[in-house]
Structures are given as C-alpha cells and as structure tokens.
Amino acid sequence: KLNCKFIIIGTWGQNIKKYNMNNYENIYDICSNHKNTILTLEKLSSNFLLSVDNSYQIKIWELNKFESKQSFLINKFKKLIVMDYNNVVISCKHQLEIWNITEQKCKKIISCPETNFLIKLKKNIILFNEMNEKYVIIWDIEKQLSIKTFNLSNNNQIGILSIKLSNKLI
C-alpha cells in the first residue's frame, strides 16, 4: 500500500494533475500557464510545490489552493534538487548554482565538474558525479568543499544506474 493520499503529475500538455491514491480518480486539473512541457515537480514543504518547464520557468504553488504564488526564469540546467523551502541547487555545465526562491536570484555559484546526477544527502550536503562517471563526490555547499571523493575509474565500463540511500547513512 502506498503511504500517500495523492499524487501530483506534470504533463506534456503543460498541466498539473492531482490524483487521489485511494481510488486513482483525478481530483484536480490545474492550467499551470507553463509555456512548455513540465520537466519536474518538487515538494518544497507540506504546503508548497515547485514546477519547472523546459523553458526553465519556475513556478511555486500553494498546495491547498493550487494557486501560483511566484514565477521566474532560471538558467538552463541538467538536474535540480530542493535543499529547503528557500533554496534549490541546480547543476549546469561545469557549475552548481544555488538559487534563493524567495529572492528569485542565484546567490552562489560553485565551479565543479559537469554532472549526471545530483542528490541531497542532508542539510547542505549533496552527492553528485562527474560527467565521465569516474568520480562520485560528496560536497558541502556551505563550506564549498569536497568531503569525500570516490574513484570509480578501475572499471572500464562504468554506468551508474541508481543509488540507494539507507536511513542509517543520512
């Protein structure tokens, strides 16, 4: 049994749909006013949702009313993760950008290798890999330094398909 009351889906048709998980019926359709396909939906808090379309427009939604509270453009990115209600991290070519959602601006740029994936481990700590997949790096955003680097280059064919995080590690 799923441990949730509803699921929220972004569509190719620029809409957001909310489904009841008990009977799988459509509860709510939202005309998102996104101009393009919705790439990602991220929960900011129990009351707010973030959506991003493929023109890199961010919208912040209040979940109870499904009203758009904010809308702004960010730089083209490969991956996006939510650190907390006010901050998201996006990976761009050779840098990580930390965006303050409330202020709608990039507040910090960190040079790094181009990445394939980006995962929040805990407050201010992220995990990412180098584009050529030879290294996996655990990074402290506040201190702007690498905590640990794992060298995966011993294997000729490296393909990171998934990462499983245990509650014991976090």
Side-chain angles (χ1 to χ4, degrees), residues 7-10 14 16 30 32-152 158 160-170:
I7 186 169
I8 299 173
I9 300 169
Q14 300 95 28
I16 299 173
I30 303 158
S32 70
N33 291 326
H34 274 291
K35 295 175 179 69
N36 294 292
T37 301
I38 297 170
L39 294 177
T40 189
L41 295 171
E42 296 285 340
K43 185 177 177 181
L44 293 176
S45 69
S46 59
N47 295 327
F48 292 94
L49 179 77
L50 174 140
S51 63
V52 184
D53 69 18
N54 64 359
S55 67
Y56 305 101
Q57 179 186 37
I58 284 187
K59 289 192 173 212
I60 309 298
W61 301 88
E62 187 173 346
L63 283 175
N64 296 336
K65 301 175 186 175
F66 267 103
E67 292 177 355
S68 178
K69 295 294 183 186
Q70 290 180 315
S71 179
F72 60 98
L73 291 172
I74 59 172
N75 298 327
K76 183 176 179 180
F77 67 91
K78 293 188 84 162
K79 302 289 181 195
L80 177 143
I81 57 171
V82 172
M83 296 306 287
D84 57 43
Y85 176 73
N86 285 320
N87 298 291
V88 296
V89 175
I90 61 173
S91 70
C92 302
K93 196 167 190 160
H94 303 294
Q95 67 187 31
L96 297 175
E97 296 181 2
I98 301 167
W99 281 75
N100 182 295
I101 295 170
T102 307
E103 296 173 6
Q104 299 181 10
K105 67 179 183 179
C106 180
K107 66 178 193 175
K108 195 180 292 185
I109 295 176
I110 302 167
S111 294
C112 72
E114 191 168 351
T115 62
N116 274 338
F117 66 80
L118 185 64
I119 299 170
K120 175 184 173 184
L121 295 181
K122 58 185 178 180
K123 186 178 192 286
N124 296 323
I125 307 294
I126 60 172
L127 180 139
F128 63 90
N129 81 313
E130 184 180 39
M131 188 67 169
N132 66 14
E133 296 186 347
K134 290 186 179 180
Y135 298 97
V136 173
I137 300 158
I138 297 177
W139 190 272
D140 186 315
I141 292 173
E142 282 296 311
K143 296 177 182 172
Q144 296 188 32
L145 58 86
S146 171
I147 296 172
K148 177 76 177 172
T149 300
F150 301 95
N151 185 341
L152 306 176
I158 298 168
I160 298 171
L161 299 176
S162 66
I163 292 178
K164 183 175 180 182
L165 298 175
S166 166
N167 287 338
K168 295 176 185 174
L169 297 175
I170 301 174

Taking it one step at a time, do Lys120 and Val89 satisfy side-chain contact (heavy atoms from CB on, under 4.5 Å)? CA-CA 9 Å; Lys120 175 184 173 184; Val89 175; over 6 Å; no
Just do the side-chain contact (heavy atoms from CB on, under 4.5 Å) check on Ile126 and Leu96 with the steps written out, would you? CA-CA 11 Å; Ile126 60 172; Leu96 297 175; 3.4 Å; yes
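To the nearest 0.5 Å, atom CG of residue Asn124 and atom CD of residue Gln144 are 11.0 Å apart. Interatomic distance, Lys69 NZ to Leu49 CG, rounded to the nearest 0.5 Å: 13.5 Å. Here OG of Ser55 is found 6.5 Å from NZ of Lys35. Values are rounded to the nearest 0.5 Å. Taken from NZ in Lys108 to CD1 in Ile98, the straight-line distance is 5.0 Å, to the nearest 0.5 Å. Atom CH2 of Trp139 sits about 10.0 Å away from atom CD1 of Ile147, to the nearest 0.5 Å. Here Leu127 contributes atom CG and Leu118 contributes atom CG; the two are 8.5 Å apart, rounded to the nearest 0.5 Å.
In this structure, Trp99 and Phe72 have parallel ring planes: the angle between them is below the 30° cut-off, well short of the 60° mark.
Looking only at side-chain heavy atoms (C-beta outward), Leu44 and Trp61 stay at 4.5 Å or farther from each other.
With Ser71 as the partner, the side-chain hydrogen bond (donor to acceptor under 3.5 Å, both in side chains) test is satisfied by one option alone out of Lys59, His34, Gln57: Gln57. Just one residue in the list Ile141, Asp140, Ile119 forms a side chain to side chain contact (heavy atoms under 4.5 Å, CB included) with Ile125, and that residue is Asp140.
Closest heavy-atom contact between Val52 and Leu50: CG2-CD2, 3.6 Å. Between Val82 and Lys43, the shortest heavy-atom contact is CG1-O, 4.0 Å.
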